[in-house]
Protein chains: 2
Amino acid sequence: MSGSSSTPLPPTNVSLSPRERFEEYLQTRGLRQTNQRKFLLDKIFSEHEHFDADELIDRLPSKGSKNYVSNATVYRTLREFVDAGLLKSFQLEGRMVYEHDYGYPQHDHLYCTVCRELFEFQSEALTAIRDQVASEQGFRISGHRMIIHGVCRECSKNRRKKRRQDLV
Amino acid sequence: MSGSSSTPLPPTNVSLSPRERFEEYLQTRGLRQTNQRKFLLDKIFSEHEHFDADELIDRLPSKGSKNYVSNATVYRTLREFVDAGLLKSFQLEGRMVYEHDYGYPQHDHLYCTVCRELFEFQSEALTAIRDQVASEQGFRISGHRMIIHGVCRECSKNRRKKRRQDLV
DNA sequence: ATAGGTGCAAACTCTTTGCATTGCA
DNA sequence: TGCAATGCAAAGAGTTTGCACCTAT
């Protein structure tokens with residue numbers, strides 16, 4: 001799965017930090033702030049752009065260490081972050097991929113099937129088409145997911161290089 | 001998962017029937033035509049637009065009946081149909097969804113999160129945007145997947161009706 | 001004190017695979 | 001006849017869940 005994207009978009013302005021925003025979310029529903037939640041929130045918002053549960057778990061303190069978080073809690077907490085509007089999730093190659101949502105602009109993705117990295121792009125035209133198609137069909141949109149699959153520039157280069165070497 | 005789509009697009013012209021095309025595919029690689037494959041191919045191309053493995057299995061003869069096909073074979077055969085270019089597959093809500101590809105025009109989907117039905121649409125503008133984004137980023141495209149999530153016209157109606165009733 | 005949260009292990013869903021047997025070419 | 005295909009059951013991957021214990025409010 002992809003590591004952090006190489007093309008971060010500029011952040012949108014938000015008045016609250018992710019931490020503050022999450023606290024608000026918790027308080028309004030009588031949920032609790034816990035060390036695990038604090039730790040995961042900080043970790044996620046200080047580090048990665050795109051990640052799946054497995055990648056995140058790999059980078060967390062291991063069992064017995066100070067801030068260990070069980071897998072079950074990781075999965076439960078990720079879902080909570082999505083509910084809270086901090087993260088967005090979508091499926092890619094069979095697993096759930098997460099990315100920052102709060103304070104981050106709407107965008108879509110290019111996915112390199114060689115290095116498995118996700119690249120972002122923004123297109124107002126795409127949104128416009130989406131809205132028009134939906135209105136033609138009487139659809140009330142809740143969102144969309146567009147992923148362009150292919151081979152990124154770097155991987156194309158490397159392949160060409162590799163092919164050249166193979167000929168020698 | 002969705003049943004057949006309610007908005008079939010016009011078929012594109014192809015010279016071979018799916019069956020003929022598949023036979024060609026098999027012959028060129030030394031693979032074999034079997035009763036299971038024939039049966040599944042006919043079933044799929046005579047019936048559904050979108051389906052997942054589970055739905056297909058449900059509609060197949062049960063164990064002990066004449067044309068019973070094991071689950072393993074269903075999964076293996078579906079992958080083969082995709083390899084042969086007869087079907088296309090994509091992930092939706094955790095499972096693989098299949099649809100006709102051979103003899104069917106390129107299109108994208110609207111997905112109703114209430115009735116779970118898939119609706120199709122075609123947009124040249126979308127393809128154009130895709131190509132431009134990819135070329136800007138030096139991406140060699142192999143394909144794309146666009147799904148608009150929302151609530152379809154019918155389900156919106158029903159909900160409104162339901163809300164009205166709830167008020168009585 | 002008392003819900004809500006956590007960790008653990010077991011369960012679950014969807015799909016793939018190893019292997020002995022069957023059956024096309 | 002030989003290699004591909006099938007069926008079965010077991011294994012996988014990724015994720016969710018039941019439950020006893022823990023802890024924030």
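Numbered from 1 within each chain, the chains take letters A, B, ... in sequence-line order.
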Notebook entry, point to check: Within this structure, what is the NZ-to-P distance between B/K63 and D/dT6, rounded to whole angstrom?
Noted result: 16 Å
Notebook entry, point to check: What string of B, S and - do you get for nucleotides 19-25 of chain D, 5' to 3', when a contact is any protein heavy atom under 4.0 Å?
Noted result: ----BBS
Notebook entry, point to check: What integer distance in Å separates A/F39:CZ from C/dG5:C1'?
Noted result: 17 Å
Check: Given the side-chain rings of B/Y98 and B/F81, with only the six-membered ring counted for Trp, is the space between their centroids under 6.0 Å?
Finding: no
Margin query: Can you classify the ring geometry of B/Y25 versus B/F22 as parallel (below 30°), tilted (30 to 60°) or perpendicular (above 60°)?
Written below: parallel
Check: OP1 or OP2 of D/dG12 less than 4.0 angstrom from a side-chain nitrogen or oxygen of B/Y75, does that happen here?
Finding: no
Note to self: On DNA chain C, does the nearest nucleotide to A/N71 precede the nearest nucleotide to B/R79 from the 5' side, or the other way round? Give the residue.
What the structure shows: A/N71
Check: Going by the side-chain hydrogen bond (donor to acceptor under 3.5 Å, both in side chains) test, which pairs reach into residues 77-89 of chain A, not counting sequence neighbours?
Finding: A/R37-A/E80
Note to self: Rounded to whole Å, please give me the gap between CZ in B/R95 and P in C/dT15.
What the structure shows: 8 Å
Margin query: A quick test of your reading: do over 12 heavy atoms of other residues, nucleotides or ligands sit less than 6.0 Å from CD of A/E20?
Written below: yes
Expected list for residues 64-76 of chain B: side-chain donor-acceptor pairs under 3.5 angstrom, two or more places apart:
from	atom 1	to	atom 2	distance (Å)
B/S65	OG	B/S62	O	3.0
B/S65	OG	B/S62	OG	3.4
B/S70	OG	B/T73	N	3.3
B/S70	OG	B/T73	OG1	3.1

Check: Does A/T73 put a side-chain nitrogen or oxygen below 4.0 Å from OP1 or OP2 of C/dG7?
Finding: yes
Check: Any side-chain donor-acceptor pair under 3.5 Å between A/E23 and A/Q27?
Finding: no
Next item on the list: Would you please confirm or rule out a distance under 4.0 Å between OP1 or OP2 of D/dA5 and any side-chain N or O of B/R37?
Entry: yes
Checklist line | For atom CD1 of A/I57 and atom P of C/dC8, their distance in whole Å | finding: 12 Å
Margin query: How many whole angstroms separate atom CG of B/L78 from atom P of C/dT17?
Written below: 15 Å
Check: Atom CD of A/Q27 and atom P of C/dG4: how far apart are they, to the nearest Å?
Finding: 16 Å
Notebook entry, point to check: How are the rings of A/H100 and A/F45 set to each other: parallel, tilted or perpendicular (split at 30° and 60°)?
Noted result: parallel
Next item on the list: For B/M96 and C/dC14, give me the distance from atom CE to atom P, rounded to whole Å.
Entry: 13 Å
Checklist line | Length of the CG-P vector between B/D52 and C/dT15, whole Å | finding: 7 Å
